[in-house]
Number of protein chains: 2
Amino acid sequence: MGKLTREAVVEQALEIGDAEGLAAVTIRRLAQELGVTPMALYWHFKNKEQLTVGMADHLIEGFVIEGGYAGPWQEGLRELVAGLVRVLRRHPCAADVLDAVDHIEVPAFLQVWDTALGLAKRGGFSRDESCMISQYLLSGAVALAAGPGRHSPPGFSEQEAAERTRLKRLRLQSLPPDVYPHIVEMAVPLSEGSAPDLYDTFGVDLLMAGIEALSARSGGH
Amino acid sequence: MGKLTREAVVEQALEIGDAEGLAAVTIRRLAQELGVTPMALYWHFKNKEQLTVGMADHLIEGFVIEGGYAGPWQEGLRELVAGLVRVLRRHPCAADVLDAVDHIEVPAFLQVWDTALGLAKRGGFSRDESCMISQYLLSGAVALAAGPGRHSPPGFSEQEAAERTRLKRLRLQSLPPDVYPHIVEMAVPLSEGSAPDLYDTFGVDLLMAGIEALSARSGGH
DNA sequence: ACCTGAACACCGTTCAAGT
DNA sequence: ACCTGAACACCGTTCAAGT
């Protein structure tokens with residue numbers, strides 16, 4: 001019925017990836033789920049890599065605030081990073097998708113990157129510094145989205161998630177305390193990962209504090 | 001002749017991964033290279049995941065300075081992060097290996113983590129903060145090792161590497177300048193990625209500046 | 001333009017069997 | 001203890017062919 005379209009394929013792929021992990025997103029599995037032959041997908045995508053690029057693009061698409069970022073550059077960068085993390089957090093597999101893909105191939109990611117570059121330049125950083133800062137912030141955002149506080153897949157219940165952190169805690173607590181004293185001692189906070197919101201806020205603060213400190217040091221405004 | 005040993009397998013795996021990428025590291029390919037049947041590897045490793053864990057462990061093994069880190073905690077953390085980046089940079093596939101693996105399974109990584117946790121606590125951070133800071137620094141180090149300045153695989157020549165950055169530059173320059181103005185303008189520094197040493201130094205500075213700023217803000221020493 | 005059928009060259013892994 | 005042979009259930013992708 002519903003004709004096979006690029007968008008439908010990508011959305012189905014994200015659904016599988018969110019529920020069962022990116023490894024479960026397979027051309028054949030995807031085709032089966034869409035009621036179609038595996039080779040049908042090759043009409044819409046050159047290969048699996050391009051499919052993954054499509055997934056990444058769909059994740060970020062429409063995120064960049066069009067008019068925005070008119071205030072101080074620090075606020076702009078902070079909002080950009082926090083927003084990117086927030087968008088990625090909506091899909092459990094988002095961070096994995098972005099890790100699996102060359103960012104340069106993803107238009108929506110390039111747009112975020114371009115905005116970050118512009119803000120860094122407004123911060124008075126040199127060209128080289130602006131490049132490094134934008135890369136640092138964006139890979140930092142992806143790492144934050146991949147970190148603890150990641151949404152458990154819709155398929156999995158709260159219980160399932162709680163069980164996983166319990167197993168992680170047990171694993172940490174069963175380590176030899178003489179060789180990993182601090183890890184064993186902190187098994188609880190390490191496995192629970194504190195409140196997810198707090199983690200994100202702290203992470204963004206950390207990223208931005210580094211930028212601002214370097215900005216002050218090198219005399220940027 | 002040389003009997004098949006865990007270590008020999010891991011080293012061969014790293015050799016393939018460095019030369020042709022982690023995707024080329026395959027049970028069957030590995031067995032072939034070692035002059036053995038694929039199933040022979042299953043005597044030494046439960047499955048491919050454990051093989052990858054072995055690779056990660058071998059990469060970091062013996063890195064943590066035993067006596068060290070007696071000075072101020074900032075110096076200790078900086079040295080730890082810089083050292084980790086340096087060690088990972090010795091193998092082109094190192095960052096990919098660490099991305100593919102649950103760090104909790106890698107003893108050598110846990111040791112680095114434990115050291116980082118101890119240093120963070122000495123810095124006066126709370127338990128939760130210490131957890132987040134250590135995770136932030138270690139994932140930051142891996143991200144740095146994965147970033148530009150990565151060693152080109154031994155198999156590839158200098159020319160080959162130069163050709164790749166040339167292609168990347170062309171790709172960036174051919175983007176529509178009205179939608180990605182800053183990226184197109186900065187195509188050269190973005191593709192070249194500045195001197196690799198400078199990139200690492202800047203990256204570590206950035207990571208540490210964030211930590212120190214937060215430390216000062218919350219009143220840690 | 002859009003999809004199918006058949007085939008190719010791969011994977012990881014299990015299980016019984018050899019030495 | 002350490003390795004092999006045969007088999008299973010998967011992969012991504014190509015290419016000719018259908019409508």
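Hydrogens, waters and symmetry mates are skipped; everything else that's a heavy atom, side chains included, is used.
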*Identify the residue among A:V10, A:V97, A:V87 that makes a side chain to side chain contact (heavy atoms under 4.5 Å, CB included) with A:L59.*
A:V97
*Can you spot which of B:D114, B:L117, B:D128 makes a side chain to side chain contact (heavy atoms under 4.5 Å, CB included) with A:M186?*
B:L117
Nearest-Å distance for atom pair [atom1]/[atom2], residues [X] and [N]:
X	N	atom1	atom2	value
B:L30	C:dT13	CG	P	13 Å
B:H44	D:dA1	NE2	P	13 Å
A:Y42	C:dA6	OH	P	18 Å
B:R28	D:dC8	CZ	P	14 Å
B:W43	C:dA16	CH2	C1'	14 Å
A:L34	C:dC2	CG	C1'	15 Å
A:I27	C:dT4	CD1	P	14 Å
A:F45	C:dC2	CZ	C1'	14 Å

_Minimum-distance nucleotide to A:K48 side chain [options: D:dT13, C:dC3, D:dG5]_ = D:dT13
*Could you check which of D:dG5, C:dT13, C:dA6 has an atom nearest any side-chain atom of B:N47?*
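Per side-chain heavy atoms of B:N47, the pick is C:dT13.
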*Could A:R169 and A:E192 be called an ion pair, given the rule that one side-chain N must be under 4.0 Å from one carboxylate O?*
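Salt bridge flag = no for A:E192 with A:R169.
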*At under 4.0 Å, does any side-chain N or O of B:T26 touch on OP1 or OP2 of C:dG12?*
yes
*asked:* Counting only Watson-Crick pairs (N1-N3 plus N6-O4 or O6-N4) and G-U wobbles (N1-O2, O6-N3), all under 3.5 Å, who is the partner of C:dG12?
replied: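 Checking every strand shown, C:dG12 finds its partner in D:dC8, with both distances under 3.5 Å.
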*Any chance you could measure B:F202, atom CZ, to B:L144, atom CG, to the nearest 0.5 Å?*
10.5 Å
